[in-house]
Each structure stands twice: as C-alpha cells, then as structure tokens.
There are 2 protein chains.
Amino acid sequence: MLKKIVEWLILGALPRTLMPLTLEDIARLSGVSRSTVSRVINADSNVKDETRQKVLQVIQNINFQPNLAARGLAAGRTNIIGLVIPASVAVIFTDPYFPLLIQGVSGACNAHNHSVMLWLAEPEYERRTIRQILHNGLVDGVIVSSTLMDDPIVKSLYESKMPFILIGRHPTLDVNYLDVDNVRAAREATQHLMRLGRKRIATITGPKNQIASYDRYQGYVKGLSDRNQPVLPELVAEGDWTEAGGYTAMRRLIPHKPDAVFAANDVMAAGALSALREAQLRVPEDVAVVGFDDTPNASRTQPPLTTMRQPIQSMGSLAVETLIDIIDHPGSETRRIVVATELVIRSSCGTLKSKSEGGDDRKNPVDLSIPTLNQPYHLVGNPADENPILRRRVKNA
Amino acid sequence: MLKKIVEWLILGALPRTLMPLTLEDIARLSGVSRSTVSRVINADSNVKDETRQKVLQVIQNINFQPNLAARGLAAGRTNIIGLVIPASVAVIFTDPYFPLLIQGVSGACNAHNHSVMLWLAEPEYERRTIRQILHNGLVDGVIVSSTLMDDPIVKSLYESKMPFILIGRHPTLDVNYLDVDNVRAAREATQHLMRLGRKRIATITGPKNQIASYDRYQGYVKGLSDRNQPVLPELVAEGDWTEAGGYTAMRRLIPHKPDAVFAANDVMAAGALSALREAQLRVPEDVAVVGFDDTPNASRTQPPLTTMRQPIQSMGSLAVETLIDIIDHPGSETRRIVVATELVIRSSCGTLKSKSEGGDDRKNPVDLSIPTLNQPYHLVGNPADENPILRRRVKNA
DNA sequence: GTGAAAGCGCTAACAG
DNA sequence: CTGTTAGCGCTTTCAC
C-alpha cells in the first residue's frame, strides 16, 4: 500500500490505465537503468539475482507489458508468426480441416509465447498480401497452408529471406514442409478395400490443381496397380472437398456400378453416403466407403466412416514449433517432416472389427516415399505407434 | 554498406529481396526527403502531384513496404485488429459459426488494409492473453466473440482504454456490440411452429452460461406465452452447440412426446434429426424441427432444415468496420448494432412453401427489444428487406 | 553486473 | 509544398 503511494508520487499520480508504462518507468521505480530492466525481461543471465528480484517485483506490481512494436523494431524480432490460408481453399470452411489447423497453430503459439497473424488470402488481394507479409517486418516467419500445385505465395516466400514452412509439400521447390504421406495413405486405404474383396473401387478426388488431391489420387492408382488392377476413368470423379461436391461426384459414379469408393476427404465421403442412400444402395453391403482425415464428424455419419486419420491439429502445432526452430536457426538445412496417418476402421467399409488389431498383412507396409522429393526427411509418428506424435529422426541418406 | 546497396539497386544489379529498404532509401532514390515519402505513402494531400508521381514510381519499382512495427511505434497505430475467441467455445469448431465469422473479419480487414491477429484464448492463458492484448501496443482495437455471460476478457477490456466491440451483447456492461436480436428471433421461430399448429414445442438450448443461449431460450419462452402456453420443463433440454449434444438432448426429449423442437443452432438441430430418425419419428410429420444460423449445411440435412438465418460472415465484416470507426473516433458514443435475422423455411417444419412469401401474419412482427439494455441502437438490415445488410439508422430514443 | 548511448524505421510537429 | 528535427519504446554494443 505504502509502496503504491510512493509509486503514484513518482509517477505523478497518473492512473495506470491511462497511459502505458515504459521500460523507463520500471527502471525509475526499481532504481536501476533501462538496460537492466530490459535484461531482466529478456532473461539475460548478467543480472545480479537481487536486482532481478527487485525489478521483477515492480513489473509484477504494475502489470507491465513491453511494447511489442518497439521491441520488434529494436530487436528485429516480433514473436509473431503469420498463418496464410489461400482463400481459394478457405471457402471450404464447412470442412473442419482449417479450423482444426488454426486451433493447432494458435494453441502452440500460445504455449510458446508467440502471437498469430491470420491471412485468408483472397485472390484479388494476393499480391498485396504477399508483399505485406514479406517485408512489413511484422512477422518472424510464416506458415502456409497451401494446397495449390503452384501457389505464387510459396514461390514468393521461397525467393525471399522470410522463414516459412509449408503444410503440405511442394512439387518442385525444396522448401521446409510438414505433410502426411498422402500417396502412401491413399494406397493403404485402397489396399484395404481390395483386401476386403472389392473389385470395382472408385475414387472421389479433390480439385486436380491441388497437390494433396494429386497425391491421394496417385496413392489410389498405386493401390490398384499393387494388385494389377487397371484404373478405370469412369470410376474416377473429381470433387471439391465439399459435401455437395462429394454427393455430385458419387451420383456420377453410381451408374458405373462401383462396389467401393475412396473419397479424398471425409466431407466428400459424407456427401457420397447421401447419394448412395438416395440411390437405395446399402453401405457397406453394396458399396464400401472410405474417407480421409478422420474429422470429428466421421464417427457420426450413417454408417460411421472408415477413414484415414491425419492428426490435423497436431500438425498445426508441429508446424509452429518447427517454424520457431527455423527462425532460431537461420541457415539450417531444409526441414522435411512427414507425419504418420492411421486407418481408422469403422463400419462403412464392411469390416466389423471395431479396431484395426493388426495381425493381418497391414504389417507389410508399403514403402515410404515422398513422390517427387527424394530427400531425407523426418518421420513423425508411426502407424504402429500408440502415440502418433512422437518425433523420430530418420537418418539422413 | 547501405550506400553500396542503393547503388546496386540503381544499377538494377541487386536482388530486391536481400534487404528491406527504408523510407530513407526511397527518399534518396527519388531525390526528396524522408518526410515527403512518408506523406506520399500516407496519402497526405500536401504533396505536389509531380513529386508524388516521382516517389510513387520509385516505390513501385522497388516494391517498397514500410515497416509496420516502426510505423506503429511512431504513429501509435498499427492497423492491426485483434480477434479474440474464447477457447471454451472455440472447441465447437465443428460448428461453421466461427469459421464464417473469421472469414468475415478477415475479408473486411483485407478490404480495409488492416491485418488480423487471432487469439483463441484458452482458459489457462487467459490472463496473460488479456494483458498482452491490452498493452503490448500491437493492436489498435479488438473484436471479442464472447458468448459467456460473464467473460473476464470483456471486463478487462471494458476497464481499459482499448477500443473494442463485442459480437453478441453483454448482460450488464454498456459496451460497443453487434448482435442479432436473439430473443426476437427465437420468439419468431417458436411462433412459426405454433402457427403451424404444433402444441408441444420443445427446445434444445445452448450451454446456459452463454448469453446467446439465454436470449434464445427467453425468446422461446416469450413465443409460448404469446399464446398463453406454459413452459414445460421436460420439454427443455440443454445442449452444447455440437451435433452430439443435440442428439443427446433430443433423445432426452423424445419420451415426452414433443411435436416440434426449436434448436438453438443448426448443428444441434442436425443432431436432433439423427435422434428422431433413429427413433423412427418422421420429420416434419411427427416432429417439426427449426434450427438457428442457416449455416451452409442447413439445406443439406434430411429433411432440409427450416432455420433462423443470421448473416454470420457479414456480422464479422460489420464488426471490423464498426471497430475501425470506433478507433477513428475515440470518445464517440457507444455503438449498439442489431442485425436482422430471417426465418428460412425449408421442409423440416412442415410447411411446403419453399419461400417465406410473406402475406401471412409475419407482417406483424413482434416488437424489437434488446432484453437487458434499453438503449438506442442501430438496426442493420430488416427482415422485410431484400438485402439484409443495408445499414439503417434508428433515431435515438 | 550495470549504465550510457546509439539506433531500429517511421511519423509528426515545426519551420520555412 | 517540402525539409529538419524530435522522438515512439525497446535492444544492444560498449564502457566502466
């Protein structure tokens, strides 16, 4: 109380909320110099413990918050990271994918004392956005959730000095990225359907200009060719990740009598289920369905969806952590992180075992391969692991 | 060093991305002073047109981006707004509500040259978050999507000098806000069901500690009492905005034989539909269902959902615009904006008209009233309008 | 261990 | 209309 009065006197009885305090104020109140306060705040070891305590006390009392703009200006680092989601895909906000990703990113940022700046980059603003992100000095690094094959944002970022990481891979550029092995995952899903005796396996792909769609389609193709099955064009329909798109695609597929369908995400799989129901086809008896993502609603469809789980939220967190590491270690080598997926078996595919209890030929996994990049990478998690997010380092080739 | 770089630039030999340029560089290159460049960038009218062109040219050539941290520091304004979503509700990311809101906010920010900082405030981090937001000098203002009755973030914001606007209203504090009239909307929905002859109208509410849930419940109550119907406790079930929650709530309701149910959001309504289907009850023949929000999937449920539309995305945009206005005009009076809702009639409620073609007693709207605040407010949009987002000013009382 | 001093890149009076 | 001059609040050498 007495202390408070003293503070007010020194501060000229200024209400705290009226005007933010500065380092200088803290310095004055604790009888040290501005530099020392700065050192305390930045956990510099060159401060006598006694001094540190004194300063911390004042900071606490006064609830001091350093001005981040000033800090950013002086230090060249803001502890803000940018999250860029191209709007061409952000439209798909009925898909829980982006929300989950955002949650993962936000959570990790909180945990690591960073803030997140969100850009839903609409096409018209894209060029401006790119520049803003690159050189406005506000973000230390950027996470780009790019699904487009040839995203100009990625190219610009690549050519700049801005640290960034891609969620998803890039077909040509050797950038830092974090992805699931979509090819492998889709292949496994397809193989699973074949193992259950399905003969006419269709697929509903994502938009063809997106890399994840491409990879999942390639996995489907490989899965078929693993058993020397041909790819029948009439059993391939392009969707747009939405439920409506999945529905429409399925309607196009039905006349060609598929007995199974692999949808490139859960939302489209749900749409496919509607179409099948409408066509009086039973799932899984007449047509088996497998999705991708294992989004929260996958277990609530009719029937519950067998799907390839990817840990979306964790991927967001991991992207943050990796990005911070990249920022902290400029010039370090490219990070290539592949996150494990896991086939979650429910009833839509016609297997009644409620858990994938191994024991079958899933023990012979297809070979891990990043389709266009034959670079060494980190594998994060493993389908066989209990915990899908234990980091594991793979020896550099 | 810098001089050398500039020479290189003039010679066109240097990759532009190597080192961010400053106002000073632009000034030197265009033969004016730094202040003039600053004036050009900030569209100050006090610049000769010729000079302006010259400077703009250089800026273009060089693709110059002013450093926002520096600008923020000097000008006391960053053109960044914060969007705060309490995580207690962010969990509900399967509900398209927040994604849509974020899209609206982001879009408007892009359009108005602002950036958005996203905070999904997790409980553990809340206190830190509040302080960070308040005094780190990084945001000019804050949009809070608060649904909790007594959100500490709102209180802190209210006590500070930080400009902010609430999406949703506040039960006690006279803060800037933007909301739909949930009471009126829910009342209208309930009345609609009664008009269709339903006698045992149930409701699935949101969590009771949230203001929107409360208001919609009040509207339901008023709707019943408009026709002197009692509120039967066994016909009221609390949900949590999720599909699973709606499902569970409906299962609790079914034994009490409701012939209609008003769900406080579409997602819970969808859950209710599942429960009804499972119980072999026909919608709308046995039980009519009305939702709230008109989220993208409302038209894709089985049967398509009658629902009270609120223009979520537009509300996000409007919040941004209002906030910017608040920032630009400090000390102006409290903004109270109420956005119109509209009953979208589909088949889940048992009316076959595909459009609400007026003509009926909907022309007698219930009285507009903000439950706890009897303050003058702006009404935005009107159920009768074609365009729900035309701003209209209501005379101050 | 601590303080003094020099900026980070920009805006904003204030002169002219 | 334009340039000069002070800072904004912080970090960071560099002395002591």
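In what follows, chains are A, B, ... by sequence order, proteins preceding strands, each numbered from 1. All values below come from the heavy atoms of this structure, side chains included, with hydrogens, waters and symmetry mates left out. Worth saying up front: this structure is predicted, and the values here are computed from it rather than measured.
- Of the residues in residues 70-81 of chain A, A/Leu73, A/Ala74 come within less than 4.0 Å of DNA chain C through at least one heavy atom, sorted by number.
- Here C/dG9 presents its P atom at 21 Å from CZ of B/Arg39, a figure rounded to the nearest Å.
- Within residues 42-52 of chain B, the residues approaching DNA chain D are B/Asn46, B/Val47, B/Lys48, B/Thr51, by heavy-atom distance under 4.0 Å.
- A donor-acceptor contact closer than 3.5 angstrom is absent between the side chains of A/Asn176 and A/Thr334.
- Distances shorter than 4.0 Å separate none of the side-chain N or O atoms of B/Ser38 from OP1 or OP2 on C/dC10.
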Practice problem: Kindly indicate, with the supporting measurements, whether the criterion side-chain contact (heavy atoms from CB on, under 4.5 Å) is fulfilled by B/Thr172 and B/His170. | Solution: CA-CA 6 Å; B/Thr172 54; B/His170 195 277; 3.2 Å; yes
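- The backbone N or O of A/Thr22 lies less than 3.5 Å from a partner atom in the side chain of A/Asp25, making a donor-acceptor pair.
- The side chain of A/Ser33 approaches C/dG3 more closely than any other nucleotide in the set C/dG3, D/dC10, D/dT4.
- The two residues B/Val84 and B/Ala121 have their closest heavy-atom pair at CG1-CB, 4.4 Å.
- Within 4.0 Å (heavy atoms only), B/Ser35 reaches at least one base atom of the nucleic acid.
- Partners of A/Ser332 by side-chain contact (heavy atoms from CB on, under 4.5 Å), not counting sequence neighbours, listed by chain and number: A/His329, A/Arg335.
- Among residues two or more places apart in sequence or in another chain, the salt bridge (charged side-chain N to carboxylate O under 4.0 Å, His left out) test is passed with A/Asp328 by A/Arg77.
- Partners of B/Asp49 according to the side-chain contact (heavy atoms from CB on, under 4.5 Å) rule, which considers only residues two or more places apart in sequence or in another chain, are B/Arg52, B/Gln53.
- Across the helix from C/dG1-D/dC16 to C/dG16-D/dC1, the helix axis at one end is tilted relative to the axis at the other end by 30° (nearest 10 degrees, each axis from five pairs).
- For B/Pro163 against B/Ile327, the heavy-atom pair with the smallest separation is CB-CG1, 3.9 Å.
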